[in-house]
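Notes follow once the structure below has been shown.
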Amino acid sequence: MFAYFGPRNWWPGETRFEIIVGAILTQSVAWRNVSKAIENLRAAGILTLEAMYKAPIEEIEKHIVPTLYWRMKAKKLRAFVNHIMDNYHGDLDKFLQKDKEELRRELLSLYGIGPETADSIILYAAEQPVFVVDAYTRRIFHRLGFFEESVSYDEMQQFFMKHIPPDVRYYNEYHALIVGIGNRFCSNKKPDCGNCPIQSVCRFKLRNKVENEG
DNA sequence: GTCCGGATAG
DNA sequence: CTATCTGGAC
């Protein structure tokens with residue numbers, strides 16, 4: 001995967017707060033939509049913890065319309081911002097420096113933050129080594145032959161963290177590469193197995209070839 | 001399981 | 001036109 005894509009330099013974002021905003025906004029939506037929303041927020045001057053805390057919810061909503069579930073996501077952003085302002089006096093770094101297990105529990109207790117978003121924040125904003133898995137990871141590694149399709153988030157995460165030494169840079173790159181394979185080649189209905197850079201180690205390739213040729 | 005609900009490739 | 005997009009709450 002690395003030989004094909006090269007270093008992908010994730011996660012896009014000029015500040016830790018911006019990375020967190022991206023992690024929430026990208027739930028079930030293409031990154032290009034998130035990118036628009038973030039530029040809208042930046043132009044409006046509310047891409048900081050303090051500014052977003054003061055902004056009316058309607059103000060946040062209108063800038064993030066491109067991210068599909070904009071009404072819900074505005075609530076999610078507000079819930080996160082309120083938590084940091086109310087419990088950490090707006091000191092985001094103090095929050096992110098917490099022990100990663102404790103940080104994860106606290107993130108999961110917030111409205112709108114589930115396992116993948118929590119882990120994305122821990123890895124990409126707090127820069128602590130947790131392996132982020134997602135729907136692409138499930139699909140790809142199921143097709144490769146590692147998992148049942150019904151494998152849980154935690155089971156997948158434990159598998160990767162058992163076999164790959166904890167390293168922020170490596171975990172960062174690995175998840176980025178999985179997403180790259182997922183949205184370029186390993187789609188649900190019509191995967192492009194013939195051009196996929198990991199086809200030589202994939203079992204699904206053969207089945208897909210048979211189906212296409214009848 | 002359903003709801004949320006905009007942008008884009010093919 | 002519809003399938004899909006770096007999910008989570010209920």
Side-chain angles (χ1 to χ4, degrees), chain A residues 1-2 4-5 7-13 16 18-41 57-58 60-83 104-127 130-143 149-157 160 168 170-196 208 212:
Chain A
M1 296 191 284
F2 187 82
Y4 180 84
F5 286 107
R8 306 198 69 199
N9 300 317
W10 271 22
W11 188 290
R16 289 186 176 82
E18 192 175 323
I19 290 171
I20 293 167
V21 169
I24 292 171
L25 293 182
T26 198
Q27 292 170 1
S28 198
V29 73
W31 182 260
R32 55 180 169 272
N33 294 37
V34 178
S35 198
K36 286 184 184 176
I38 287 181
E39 290 316 311
N40 290 343
L41 292 169
I57 192 80
E58 295 80 9
I60 301 173
E61 287 178 348
K62 75 177 186 186
H63 296 300
I64 66 171
V65 166
T67 65
L68 183 51
Y69 309 124
W70 47 273
R71 198 167 289 148
M72 293 180 67
K73 286 176 177 174
K75 284 186 197 169
K76 295 178 181 185
L77 290 174
R78 173 47 61 73
F80 179 82
V81 165
N82 286 349
H83 182 76
R104 189 173 200 267
R105 279 194 296 275
E106 197 166 325
L107 283 165
L108 290 175
S109 76
L110 301 179
Y111 174 79
I113 299 187
E116 185 182 340
T117 307
D119 289 335
S120 296
I121 291 171
I122 297 169
L123 179 63
Y124 293 104
E127 300 184 86
V130 291
F131 199 96
V132 180
V133 299
D134 63 350
Y136 285 138
T137 313
R138 178 177 291 104
R139 185 192 300 155
I140 293 168
F141 283 80
H142 166 63
R143 287 175 174 175
E149 210 165 5
S150 59
V151 67
S152 72
Y153 185 97
D154 291 343
E155 286 170 337
M156 285 194 288
Q157 183 176 56
F160 287 100
V168 172
Y170 199 85
Y171 281 10
N172 176 322
E173 192 60 46
Y174 209 123
H175 179 242
L177 292 170
I178 287 172
V179 173
I181 293 291
N183 56 35
R184 288 277 287 279
F185 303 101
C186 204
S187 61
N188 187 19
K189 302 207 77 170
K190 291 179 69 177
D192 187 8
C193 299
N195 292 314
C196 181
N208 186 41
N212 287 339

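Convention: sequence-line order gives letters A, B, ...; per-chain numbering from 1. If you're wondering where the values come from, they're calculated on a predicted model, not measured in any experiment.
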Rounded to whole angstrom units, what separation is found between the CZ atom of A:Arg138 and the P atom of C:dG7? 11 Å
Students often get this wrong, so: under 4.0 angstrom with heavy atoms, is A:Leu108 touching a base, only sugar-phosphate, or nothing? nothing
A:Leu25 CG - B:dG5 P separation (whole Å): 14 Å
Tell me which nucleotide among B:dG5, C:dT6, C:dG8 gets nearest to the side chain of A:Tyr69. B:dG5
Roughly how far apart, to the nearest Å, are C:dA9 and B:dA7 at atom P? 24 Å
Inter-nucleotide C1' distance (C:dC5, B:dG5), Å rounded: 13 Å
Are C:dT6 and A:Trp10 stacked, with the base six-membered ring and the side-chain ring centres under 5.5 Å apart and planes under 30°? yes
Whether A:Glu173 side chain and A:Arg8 backbone form a donor-acceptor pair below 3.5 Å: yes
Just call it for A:Lys73: base, sugar-phosphate, or nothing, with non-hydrogen atoms closer than 4.0 Å on any strand. nothing
Between C:dC5 and A:Thr26, is there an OP1 or OP2 to side-chain N/O distance shorter than 4.0 Å? no
A:Lys36 NZ to C:dC5 C1': how many Å, rounded? 13 Å
When we call it a touch if two heavy atoms are under 4.0 Å apart, what does A:Trp70 touch: a base, just sugar-phosphate, or nothing? sugar-phosphate
Regarding A:Asp134, tell me which of base, sugar-phosphate or nothing describes its non-hydrogen contacts under 4.0 Å with the strands shown. nothing
Do the side chains of A:Lys76 and A:Thr117 get nearer than 4.5 Å, heavy atoms only? no
Does A:Trp31 offer a backbone N or O that forms a donor-acceptor pair with the side chain of A:Ser35 under 3.5 Å? no
Does A:Asn183 place a side-chain N or O at less than 4.0 Å from the phosphate oxygens OP1/OP2 of C:dT6? yes
Here the distance between atom P of C:dG7 and atom CG of A:Leu77, to the nearest Å, is 16 Å
I want to verify a distance call: between C:dC5, C:dT4, B:dT8, whose nearest atom is closest to the A:Arg32 side chain? B:dT8
In whole Å, what separates the C1' atom of C:dC10 from that of B:dG6? 23 Å
Rounded to the Å, how far apart are A:Tyr153 OH and C:dA9 C1'? 17 Å
What integer distance in Å separates A:Asp119:CG from C:dG7:C1'? 13 Å
Should the pair A:His175 and A:Trp10 be assigned to parallel (<30°), tilted (30 to 60°) or perpendicular (>60°) ring geometry? perpendicular
Specify the separation, in whole Å, of atom CZ of A:Arg184 and atom P of C:dC5. 14 Å
With a non-hydrogen cut-off below 4.0 angstrom, is A:Ile178 in contact with a base, only sugar-phosphate, or nothing? nothing
In whole angstroms, how far is the P atom of C:dT6 from the CD atom of A:Glu173? 17 Å
Nearest of C:dT6, C:dT4, C:dG7 to any side-chain atom of A:Lys189? C:dT4
Using the C1' atom on both, measure B:dT8 against C:dG8 and round to a whole Å. 23 Å
A:Met72 or A:Asn33: which one's nearest nucleotide on DNA chain C is closer to the 5' end? A:Asn33
Of the non-hydrogen atoms in A:Asn33 and A:Thr67, which two are nearest, and what is the gap between them? O-CG2, 3.9 Å
How is A:Val65 classified with respect to the nucleic acid when contacts are heavy atoms under 4.0 Å: base, sugar-phosphate, or nothing? sugar-phosphate
Taking atom P in both C:dA3 and B:dT2, what distance in whole Å separates the two? 16 Å
Any idea which of C:dT6, C:dG7, C:dA9 is nearest the A:Tyr111 side chain? C:dA9
Backbone N or O of A:Gly112 within a donor-acceptor pair of the A:Gln27 side chain at under 3.5 Å? yes
Of all the nucleotides listed (C:dT4, B:dG5, C:dG8), which has the minimum atom distance to the side chain of A:Arg71? B:dG5
